[in-house]
Amino acid sequence: MEQLDDPQVFLPDVFATHAAFQPDETAVVCGAVSRSWGDFGRNMNRVANGLRARGLRKGDRVAVVMGNAVEMLEVTFGVVKAGGCVVPLSGMLTAEQQVGLMDDSDSCFAFVSEDYAEPLEPLRRTLTKIAPERWIGFGFEAEGWISYPNFLDGASAEPPNLQYANGDDFNIIYSSGTTGLPKGIVQTHRARTHWAFSNAIEMGFTSDSRALSTTPLYSNGTWLVMLPVLFAGGTLHVMPAFDPTAFLETVERERITHSFMVPAQYVMVLSEESLDRRDLSSLRTLLSAGSPLRRDTKQEIVERLCKGLIELYGFSEGFATMLKPKQHARKFASVGTPVLGFEVAILDEEGTELPRGEVGEIAGYGAGLMKGYHKRPEETAALIWRDPRGRSFLRSGDIGKLDKDGFLYILDRKKDMIISGGFNVFATDVEGIVGKHAAVRDVTVIGVPDARWGESCLALVIPEPGKEVDPEAIKAWANERLAKPQRLKAVELRQDFPRNALGKVMKRVLRQPYWQDQD
């Protein structure tokens with residue numbers, strides 16, 4: 001006897017619905033290039049059918065090394081529509097690193113923009129997993145490459161005849177490598193659909209929303225606005241590259257309703273001299289993630305940019321909390337409560353769940369969790385903590401606590417915690433004090449060797465432009481306000497900090513010169 005299916009929501013099908021029922025509405029804009037939902041859907045289908053005609057099978061991995069462009073999105077979702085697993089790779093990596101990750105991910109196709117093709121040329125033939133006829137070049141023609149127009153030539157614009165499953169691999173995102181070598185994070189259709197609808201609900205995305213993407217499209221954080229606005233059938237504006245003046249101009253001109261930036265970008269926008277002359281009244285929601293906002297920066301965003309600030313804490317393996325606008329008044333220093341569909345626990349060193357108010361490692365659970373690290377089962381298993389119900393939470397490596405109301409406070413990364421004279425010192429606490437000095441534009445604090453205390457705090461400071469800066473004066477000012485174990489050993493001035501694609505300071509890189517000769 002015939003029975004009904006068990007219908008599920010899949011992103012390729014949602015996009016196809018938007019293309020069918022609002023074909024003339026704008027889906028994506030990047031620079032001078034714009035796509036209606038109808039054209040966006042047809043182009044995704046062409047990519048999918050082009051791949052399947054060249055032998056792509058369900059579950060095959062496809063590497064994408066492309067800059068911000070409408071076509072990058074069409075390729076990304078075209079891969080998924082074809083039943084493949086997309087592997088977006090950072091353009092900030094060296095060619096050797098990109099080739100290494102293509103090999104690690106078992107990619108059997110590669111789409112590469114012109115900017116990244118030349119460095120790859122001498123190395124790509126070492127990749128036996130990608131056949132010579134499966135290298136597709138975007139924006140150029142060269143021997144040994146299939147040009148993007150030729151790849152699409154003759155490909156049907158009709159949806160491929162495929163069914164998807166929640167457990168199918170959607171993408172592999174490589175971690176930023178701030179604390180070690182990048183790991184391939186495998187996320188399924190289930191996880192990505194949850195990412196889309198939970199963030200759409202939490203941040204109020206609708207078909208009328210106009211979201212502005214300011215970060216690279218390959219970055220997992222970018223998907224915080226990219227997926228929910230497309231899921232809701234709204235319009236995604238993509239900045240080809242971030243510039244604070246261009247950000248303000250775009251918000252004003254396009255009447256942007258939602259955007260995501262990392263703290264370093266907010267600092268740049270707040271320093272833009274034209275800010276207070278701009279009409280930013282269309283902004284309903286601004287999201288910050290990547291690293292915690294300093295209290296003074298957060299207050300300035302709310303006062304000068306948008307009252308609808310949401311601060312998100314999360315990790316790419318699949319967990320997040322949010323502090324909503326209505327919660328700022330009473331929970332300003334926290335990062336909120338779990339996003340829809342997630343739960344949080346605080347663990348001690350032995351893996352025992354701690355009560356509210358006690359400090360420990362943050363662990364998360366929910367529908368957005370990764371499937372695992374690609375080809376690293378031991379590292380995946382090492383993150384798992386099971387609650388009394390047997391559910392697999394993931395350890396974050398971050399230190400925090402829950403207050404009596406269940407709001408989460410981030411204190412530090414486990415590896416960034418400074419142990420001075422036997423006391424645990426959280427760098428974020430010290431940064432919060434030093435950052436209040438009038439001459440400090442940005443600050444990061446690291447632990448450096450100390451013969452007496454084992455470790456002491458070193459403040460690396462980016463000064464405010466035009467300010468007279470005396471490192472010793474900043475040190476003395478801060479040490480008057482810090483507890484004894486927190487006091488600064490020194491202050492050093494910097495022009496910038498090494499950051500990953502989402503603006504997170506790579507403290508491992510900053511620490512290395514101070515510790516390289518230590519036992």
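Basis for what follows: all heavy atoms, side chains included, without hydrogens, waters or symmetry-related copies.
Side-chain contact check for D106 and H374: at least one donor-acceptor pair (N or O, by modelled atom type) lies under 3.5 Å. Side-chain atoms of Y164 and D13 form no donor-acceptor pair, as typed in the model, at a separation below 3.5 Å. For the residue pair Y218/S90, the side-chain donor-acceptor check at 3.5 Å is satisfied. Side-chain contact check for D115 and S113: no donor-acceptor pair (N or O, by modelled atom type) lies under 3.5 Å. S282 and T257 form no side-chain donor-acceptor contact under 3.5 Å, judged by distance and modelled atom types alone. Side chains of Q22 and S207: no donor on one and acceptor on the other come within 3.5 Å.
Ring planes of F15 and F77: perpendicular class, angle over 60° (limits at 30 and 60°). Using cut-offs of 30° and 60° for the angle between ring planes, the F247 and F242 rings count as tilted.
Within the 4.5 Å cutoff, the side chain of M261 has heavy atoms near those of the V269 side chain. R52 is listed as a side-chain neighbour of L162, based on a closest heavy-atom distance under 4.5 Å. Residues F393 and D387 form a side-chain contact, since some pair of their non-hydrogen atoms from C-beta on lies under 4.5 Å apart. Using a 4.5 Å heavy-atom cutoff, the side chains of V262 and S288 are not in contact. Looking only at side-chain heavy atoms (C-beta outward), F205 and F231 stay at 4.5 Å or farther from each other. For the pair P325/I310, a side-chain contact is recorded, criterion being any heavy-atom separation below 4.5 Å from C-beta on. L323 is not listed as a side-chain neighbour of Y313, based on a closest heavy-atom distance of 4.5 Å or more. You'll find the side chain of M66 stays beyond 4.5 Å of the side chain of V112, heavy atoms only.
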Carefully, step by step, assess I346 and E361 under the rule side chain to side chain contact (heavy atoms under 4.5 Å, CB included). CA-CA 5 Å; I346 305 296; E361 184 177 5; over 6 Å; no
Dump the intermediate steps for side chain to side chain contact (heavy atoms under 4.5 Å, CB included) on L236 and V29, then the final yes or no. CA-CA 6 Å; L236 175 67; V29 180; over 6 Å; no
Evaluation steps, side chain to side chain contact (heavy atoms under 4.5 Å, CB included), between V75 and L73: CA-CA 5 Å; V75 168; L73 292 170; over 6 Å; no
What verdict does the salt bridge (Lys or Arg N to Asp or Glu O under 4.0 Å) test give for D153 and R46, after you've listed the backbone C-alpha separation in whole Å, the side-chain angles of each residue and the deciding distance to 0.1 Å? CA-CA 9 Å; D153 188 37; R46 289 189 181 99; over 6 Å; no
Quick one, T215 with Q265, criterion side chain to side chain contact (heavy atoms under 4.5 Å, CB included). Give me CA distance, side-chain angles, the key distance, then yes/no. CA-CA 10 Å; T215 48; Q265 290 174 307; 3.6 Å; yes
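No more than 12 heavy-atom neighbours from other residues, nucleotides or ligands sit within 6.0 angstrom of CG on N161. Counting heavy atoms of neighbouring residues, nucleotides and ligands inside a 6.0 Å radius, atom NZ of K375 exceeds 12 of them. In the displayed structure, E118 atom CD is contacted under 6.0 Å by at most 12 heavy atoms of other residues, nucleotides or ligands. Enclosure of atom CD in Q163 is not indicated, since only 12 or fewer non-hydrogen atoms of other residues, nucleotides or ligands lie within 6.0 angstrom. Summarising the local packing, CZ of F21 is surrounded by 12 or fewer heavy atoms from other residues, nucleotides or ligands at distances under 6.0 Å. Dense packing is recorded around CD of Q8, with more than 12 heavy atoms of other residues, nucleotides or ligands lying under 6.0 Å away.
Geometrically, R42 does not engage W37 in a cation-pi contact defined by less than 6.0 Å to the ring centre and at most 45° from the axis.
Taking the charged nitrogens against the carboxylate oxygens, R278 and E249 do have a contact shorter than 4.0 Å, which makes a salt bridge. Under a 4.0 Å N-O distance rule, the pair K183/E317 does not qualify as a salt bridge. The pair D442-R499 meets the salt-bridge criterion, with a side-chain N (NZ, NE, NH1 or NH2) lying under 4.0 Å from an Asp/Glu carboxylate O. The residues R35 and E71 are annotated as salt-bridged, a charged nitrogen and a carboxylate oxygen being separated by less than 4.0 angstrom. Salt-bridge formation is not detected for the pair R54/E133: no Lys NZ or Arg NE/NH1/NH2 atom is positioned less than 4.0 Å from an Asp or Glu carboxylate oxygen.
The closest donor-acceptor contact from the side chain of N68 to the backbone of L217 lies under 3.5 Å. Under the 3.5 Å distance criterion, the side-chain polar atoms of R192 are left unmatched by any main-chain donor or acceptor of Q187. A donor-acceptor pair under 3.5 Å is absent between the side-chain atoms of T337 and the main chain of F407, judged by distance alone. No donor-acceptor distance shorter than 3.5 angstrom exists from the side chain of R511 to the backbone of V509, with no hydrogens or angles considered. A distance-only check finds a donor-acceptor pair linking the side chain of D60 to the backbone of R57 [under 3.5 Å]. In this structure, the side chain of T235 engages the main chain of T26 through a donor-acceptor pair within 3.5 Å. At distances below 3.5 Å, not a single donor-acceptor pair connects side-chain atoms of N49 with backbone N or O atoms of A157. Looking at T188, its side chain never comes within 3.5 Å of a backbone N or O of D169 through a donor-acceptor pair. Judged purely by atom type and a 3.5 angstrom limit, S213 has no side-chain atom pairing as donor or acceptor with the backbone of S259. Without hydrogens or angle criteria, H18 side chain to G233 main chain gives a donor-acceptor distance under 3.5 Å.
The line from CD1 of I201 to CG of L340 is 5.5 Å long, rounded to the nearest 0.5 Å. Atom-to-atom distance recorded for I256:CD1 and R284:CZ is 11.0 Å, nearest 0.5 angstrom. Atom-to-atom distance recorded for D103:CG and T126:OG1 is 8.0 Å, nearest 0.5 angstrom. Interatomic distance, L312 CG to L293 CG, rounded to the nearest 0.5 Å: 11.0 Å. Separation of atoms CZ (R134) and CG (L127) is listed at 13.5 Å; rounding is to 0.5 Å. If you take CZ on R190 and CG on N166, they are separated by 7.5 Å, rounding to the nearest 0.5 Å.
Closest heavy-atom contact between L227 and W195: CD1-CD1, 3.7 Å. Between I136 and F109, the shortest heavy-atom contact is CD1-CD2, 4.1 Å. Listed here is the closest heavy atom pair of I172 and R61: CD1-NE, 3.8 Å. When all heavy atoms of K58 and A165 are compared, the pair lying nearest together is NZ-N, 4.5 Å. For the pair H258 and S209, the tightest heavy-atom approach, listed with the atom from each and the gap, is CE1-OG, 3.6 Å. Contact record, L283 with L305: CD1-O, 4.1 Å, taken as the closest heavy-atom pair.
Shown are F138, W135, F151; of these, the ring pair (Phe, Tyr, Trp, His ring centres under 6.0 Å) with F111 is made only by F151. Each of L93, V87, I185, N220 was scored for a side chain to side chain contact (heavy atoms under 4.5 Å, CB included) with Y174, with one residue passing: V87.
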